[in-house]
There are 4 protein chains.
Amino acid sequence: MKDVQSSPDHRNIPIDHVGVKGIRYPITVLDKHEREQHTTASIDMFVDLPHQFRGTHMSRFIEILNEHRKEIHIRRLPMILRAIRESFDASSAHIELRFPYFIEKAAPVTATTGLMEYECCFRAASGQQGDDALVGVKVPVMTLCPCSKEISDYGAHNQRGVVSLDVRYRKMVWIEDLITTVEACASSPIYSLLKRPDEKFVTEASYNNPKFVEDVVRDVAVAMNANDRISWFRVSTENFESIHNHSAYACIEQQKEL
Amino acid sequence: MKDVQSSPDHRNIPIDHVGVKGIRYPITVLDKHEREQHTTASIDMFVDLPHQFRGTHMSRFIEILNEHRKEIHIRRLPMILRAIRESFDASSAHIELRFPYFIEKAAPVTATTGLMEYECCFRAASGQQGDDALVGVKVPVMTLCPCSKEISDYGAHNQRGVVSLDVRYRKMVWIEDLITTVEACASSPIYSLLKRPDEKFVTEASYNNPKFVEDVVRDVAVAMNANDRISWFRVSTENFESIHNHSAYACIEQQKEL
Amino acid sequence: MKDVQSSPDHRNIPIDHVGVKGIRYPITVLDKHEREQHTTASIDMFVDLPHQFRGTHMSRFIEILNEHRKEIHIRRLPMILRAIRESFDASSAHIELRFPYFIEKAAPVTATTGLMEYECCFRAASGQQGDDALVGVKVPVMTLCPCSKEISDYGAHNQRGVVSLDVRYRKMVWIEDLITTVEACASSPIYSLLKRPDEKFVTEASYNNPKFVEDVVRDVAVAMNANDRISWFRVSTENFESIHNHSAYACIEQQKEL
Amino acid sequence: MKDVQSSPDHRNIPIDHVGVKGIRYPITVLDKHEREQHTTASIDMFVDLPHQFRGTHMSRFIEILNEHRKEIHIRRLPMILRAIRESFDASSAHIELRFPYFIEKAAPVTATTGLMEYECCFRAASGQQGDDALVGVKVPVMTLCPCSKEISDYGAHNQRGVVSLDVRYRKMVWIEDLITTVEACASSPIYSLLKRPDEKFVTEASYNNPKFVEDVVRDVAVAMNANDRISWFRVSTENFESIHNHSAYACIEQQKEL
């Protein structure tokens, strides 16, 4: 059969990224406490396409995914990228995995445990300028408004917010450690399971620790700056305001000096 | 050209609903205060299909929509349903429109005004058992947890929730009135624009008015029961809990006695 | 500490459903070929609330989930429902799980295998009218338009569609079998991995097997009617039309005679 | 009342973007043929925050939006940005609006007209490095696979795809013109309303004009390179493959030489 994709192209335009998006796939992720964790991912895979070729053989991405099945974790990504570059004879390759990650978490007073879910992602690229890798976590937190507390005789509005932290690193970082750091920067962590003494604790602790979105991203930035493993980060906080129907938002991106 | 849709079908199975989904369309809705309001809708339109025909001429739905363009509001829906039934020679017809609706709302102390958006829907059907019409509103509100307030020395967790209210009616009801009723059943309405004195007011008012999801749906049910225009309702509340990563939820559906 | 939820309520309004929504949780599902499969679910759990009580102890749902962790599959759901009813002293209990499910599938010519993902759900309820259980699958398929093929000199528009099939059953049904049945009713199944001879096969096979959304739901209905295990079904097909920006849709719901 | 936001901050960390996200608002957009068009937008507005201040007065964004209400179109954005910078005494300001835009489109043979909806966006920024403005359109199209056509004895798989085109410009560009350009680069435009002769035409025209995602982005790139008004563009195509449950994707970004 004719290989249409390999036919020559005369438009003289290279393509930055070409590949497959939104592949759902079961994966196994390294777990700091349990060694590994089964979860399900949504995966994107791309290569570049030189100007002289018309198309890409998309099915090869799926073949490579199948070959590395059941061992798709972050330490494997460089091998998968190498396999992609070889299979496509490409000068660059990208892969991104987004997946729910589960952590057992003890309530602050009763120590009753429950599972919390965090949306995480790994992104890796390999190209002529070298390799790149990024880990991302989305951490739901509680934020209590400092202004509302200050101006009100009692009470203070609070809400769920989501802190998104993406990092590049010099030395491997655990998802668990990024999440713990972020949770310490909010008014309070949130939990799947709280008994009444825990709910009292979280209510009072957050009231004693009011934070704007601006405070949360700055405190995460301070922690990332103090962490030698991290070389770059972008942190944003989106608060689903309990007094409005829109979000409050703040974002800091920083390339750390060597 | 051959009319494939009109060819006979021998599987002997009538189809309940067949039609088009997710048509985006600009519409004009009656506005209690401004006479009318321009907005954009997502529209579904269906008929039934008797067992003896193979298919439906889907393009006719779009033609009918185009004919009634710029006058698509709830009073027009019976005419549109009649046009659908005639065009398709169908024994039943359904239409549903989901659209953002905007209401000017004054802040509680400074009376500064801002626009609030509410997701609303109209659903209408015409069939051999008669006609049916339903109006729905989704109202974002603030809820403050009675348990958290009771057990804590200070503060109380609160959050954004969404109250979904669908009603059938004996006499026409305004979207504006349904929304006002729902907002009065929460710990506090929410606003697009609040100055500091307003934020203080909302914070303290919600602290003085704690509500579980159970309280909100019951209070809306009491109001619907007391409203003679309403013949049926379903109300649900979903709280995006500020201390959890999941929602609290309650729902009541009631057919009122005549 | 005071138990606010258990305080009496005088509004005299029972609540149909009250509970928790959108809990993300790792689960294990029975797999026809591999014995079991790890995946991740989004879970809702509800009870009814009698008119005399103010609130529900939401944390108990999470405790019950934790107790049955790692053994959440459909045969366990009646036990979980019983545990919920006992814990809440409730007259009814509901649980719903939505999860991606993965099936190894061979390409039609080369037999190269790849993993396909299907969104599935289990819903179970236990109440004074007895127990109820429902299995649902969403099956992405290819549909090729019979009208377009008939009236055109060459080619025919085709597209991805999604067939949603929910069933109640007299005897246990496998997710795998529901999916196989649905795929046989479309113009062609779809695959994660196709080599060129497979792509040729799928292209020609779908061209030889044109189907309207009406045809797909009727053919599934015929198969469900012929399957003695099934007592009730609802099947819908939504086609993401390649010539329009809206969907074509058809739906049949049927309670089978005993 | 104390102004908590204006209190000093000692963490010494400036914030790149701080503001409000997801405000739903009715807007009026310039229309090439009808002069103007009413639609509804989702709006984000940000400023930077210098290191010495703790917080931002978020309500001012909404006040500025209210002041410019009913005249929010792209030519007004520089004035809105100036108002934001002045109100916040900020060195940079950003605004983004995403909205459905409707265009009357005639079917290719019968010339029957129907309304097509396109998701569009305006993004504008003003800072110390100067001003920036970007227009984006998402254009649903039909793509027919060249490989499938070549290797099959009859038929070819085709599907809906979405082409996302963002441009920066030297001279004002119409949304309508960007859309027309993109539609000419696909296998066929798509329509809201097609009668049978139109459906035959679109089927045959797309069969005669097969395009990979790679072809679509390259053809758009060629058109953007030839258009003197455009100074920068990013074009991507995502195909909702009719033979797979994942997407094929290609992307080109290009800064044009002066």
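Just so it is clear: chains get the letters A, B, ... in the order the sequence lines come, proteins before strands, and each one is counted from 1.
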Chain B heavy atoms under 4.5 Å from Phe61(C): which part of the residue, side chain, backbone, both or neither?
-> neither
Side-chain donor-acceptor contact under 3.5 Å, Glu96(B) with His94(B) = no
Counting heavy-atom pairs under 4.5 Å with chain B, the top scorer among Gly19(C), Gly22(C), Pro14(C) is Gly19(C)
Output yes when a side-chain donor or acceptor of Ser242(B) lies under 3.5 Å from a complementary backbone atom of Asn158(B), and no otherwise.
-> yes
Max heavy-atom pair count under 4.5 Å with chain C, selected residue of Val20(B), Val217(B), Asn12(B), Ile43(B) | Val20(B)
With a 4.5 Å cut-off on heavy-atom pairs, point out which of Arg24(B), Met1(B), Lys2(B) contacts chain C the most.
-> Lys2(B)
Out of Arg54(B), His51(B), Glu241(B), Lys149(B), which one racks up the most heavy-atom pairs below 4.5 Å with chain C?
-> Arg54(B)
Hey, what do you get for CZ (Arg218(B)) to CD1 (Ile15(C)), rounding to the nearest 0.5 Å?
-> 4.0 Å
Is Asp44(B) salt-bridged to Arg98(B), cutoff N-O under 4.0 Å?
-> yes
Who among His244(B), Glu238(B), Gln254(B) has the most heavy-atom pairs with chain C under 4.5 Å?
-> Glu238(B)
Give, for atom CD1 of Ile23(C) and atom CD1 of Ile62(C), the distance between the pair rounded to the nearest 0.5 Å.
-> 3.5 Å
Please state whether the side chain, the backbone, both or neither of Ser7(B) comes within less than 4.5 Å of a heavy atom of chain C.
-> neither
What distance do Cys145(B) atom SG and Ile151(B) atom CD1 have between them, rounded to the nearest 0.5 Å?
-> 7.5 Å
Give a yes-or-no answer on whether the side chains of Ser231(C) and Arg168(C) include a donor-acceptor pair shorter than 3.5 Å.
-> no
Of the listed Asn239(C), Asp219(C), Thr237(C), the one with the largest count of heavy-atom pairs under 4.5 Å with chain B is Asp219(C)
Relative to chain B, which segment of Phe240(C) carries a heavy atom at a distance below 4.5 Å: side chain, backbone, both, or neither?
-> neither
Given the options Asp9(B), Val18(B), Asp215(B), which has more heavy-atom pairs under 4.5 Å with chain C than any of the others?
-> Asp215(B)
